[in-house]
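Data block below; observations after.
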Amino acid sequence: MITKILDVSEEPINIDYIKEASEILKKGGLVAFPTETVYGLGGDATDKEASRKIYAAKGRPSDNPLIVHISKFEQLQQISKDLPDTAKLLADAFWPGPLTMVVNKNKFIPYETTGGLDTVAVRMPNNPVALALINESGCMIAAPSANTSGRPSPTKASHVYEDLSGKIDAILDGGSVDIGLESTIVDLTEDVVTILRPGYINMDMLRQVVGEVRMDPGISCGDKDISVGAKPKAPGMRYKHYAPKGDLTIVSGQEDKVVSAINQLTSQAIAKGLSVGIIATSASADRYTSGKVLVIGDREDEASIAHNLYDILRQFDEEDVDVIFSESFATPQMGQAIMNRLLKAAGQQTIEV
Ligand code: AMP
Ligand code: MG
């Protein structure tokens, strides 16, 4: 299969390409498309075969459910059962946007899309290409991140092409995504709203809308008060994910100490004949004396850190570095989300200095 690239990065969006992609979806094919979080790999959420193709293209375990993308609140009502009032409150506050809600499903969505679960994850993305595709195709679009399972999520069309070229029908290239981390997932099927995956929409923002909110105890995001060892409720959070090829260690603590510890670890690794990558900020980059240093962003601009994380992990993969050292980024709004992804990429390997 030849994967077609449809350039929709310029405004106004080329509607012919949206129509072409919609036809592919309607015929049961797969199209990758940009959202404000990461690129998604889309298929018709009501079509079992399309869902099977998504799992096959990604090499995704079949028990790891897909997120269904919609463009109208009524579509959530159409595919759910016992929808709680909190769903409307959260939709009014955050949709379209980077929030996914897990609700009880009805028969409309097949088990192939939900990994066999009786619940379905639903989101309304805030991206003009994604919304145009949902509207034009008339499909609710099942879409996990458009990467090979286990690789960092794609934040550019070129990342999708690297992983899925030849395996999917088309890629709508909408340029670099906005946020760069996957959506916040909340479970609305229990008494208390529970965060299953941290993202741009954080605990405080959710509490302002629905009151009590808790974090799934199985999730690690750098907070000491959260128990490690519990099983995460979102199946996808149980798999080793976002793993770079190089062995990644996070070094955290006061900045001067972190810089000298990373410099020392880097010299030791180089002495053993290993190649080293370092994830630094614009302020610290010049202080590293050896290794391949990449700047993730600016500590005062946490959006830059979220935006560049996956691209940097992919760059180190391309360079085939043996080990990677990263500073820690417990920033105010997205710190939990950033550290959750970085900790997973590091297999929880951290050094406190
Ligand atoms: P991705 O789109 O690749 O970020 O993957 C979707 C994420 O949503 C995975 O971590 C899934 O485990 C999670 N997810 C999807 N549906 C459900 C559900 N019904 N219950 C819990 N988690 C879900
Ligand atoms: Mg994913």
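Source: prediction; values computed, not measured. Numbering of ligands and ligand atoms starts at 1, following listing order. Heads up: numbering here begins at 1 and tracks the sequence.
The cationic group of Lys292 does not satisfy the cation-pi geometry with Phe316, failing either the under 6.0 Å distance to the six-membered ring centre or the 45° limit from the ring axis.
Here the shortest heavy-atom pairing between Ala234 and Asp216 reads N-OD2, 4.3 Å.
Here Asn64 has side-chain heavy atoms under 4.0 Å from ligand 1, and that is the only part of it that gets that close. Contact annotation for Leu196 and ligand 1: only side-chain heavy atoms (C-beta onward) come within less than 4.0 Å of the ligand. Contacts with ligand 1 closer than 4.0 Å are made by no heavy atom of Thr100, backbone or side chain.
By the 6.0 Å contact criterion, CD on Glu74 is enclosed, its count of non-hydrogen atoms from other residues, nucleotides or ligands being greater than 12. For Gln254, the CD atom is densely surrounded, since the number of other residues' heavy atoms within 6.0 Å is greater than 12.
Between Arg197 and ligand 1, a contact under 3.5 Å exists for at least one N or O pair. For ligand 1, the polar-atom distance check against Thr119 finds a nitrogen or oxygen pair separated by under 3.5 Å.
Close contacts of ligand 1 with Ile67, meaning ligand atoms under 4.0 Å from a residue heavy atom, involve 2 (O), 6 (C), 8 (O). If you number the atoms of ligand 1 from 1 as listed, the ones under 4.0 Å from a heavy atom of Leu117 come out as 18 (C), 19 (N), 20 (N). Those atoms of ligand 1 with a heavy atom of Ile185 less than 4.0 angstrom away are 7 (C), 8 (O), 13 (C).
Counted by atom type alone, Arg123 and Thr35 present one or more donor-acceptor pairs between their side chains at under 3.5 Å.
Using a 4.0 Å heavy-atom cutoff, Arg60 is listed among the residues neighbouring ligand 1. Contact between Thr114 and ligand 1 is absent, with no heavy atom of the residue lying under 4.0 Å from the ligand.
Exactly one residue among Ile250, Val258, Leu265 makes a side chain to side chain contact (heavy atoms under 4.5 Å, CB included) with Ile351. That residue is Leu265.
A continuous path of hydrophobic side-chain contacts links Met101 to Ile179 [ILVMFWY only; heavy atoms under 4.5 Å].
Inclusion of Ser145 in the first shell of the Mg ion (ligand 2) is supported: an N, O or S atom falls under 2.8 Å.
Legend: ring pair (Phe, Tyr, Trp, His ring centres under 6.0 Å) pairs involving residues 81-120, not counting sequence neighbours: none detected.
Atom 3 (O) of ligand 1 has its nearest heavy-atom neighbour, among Ser145, Gly236, Pro232, in Ser145.
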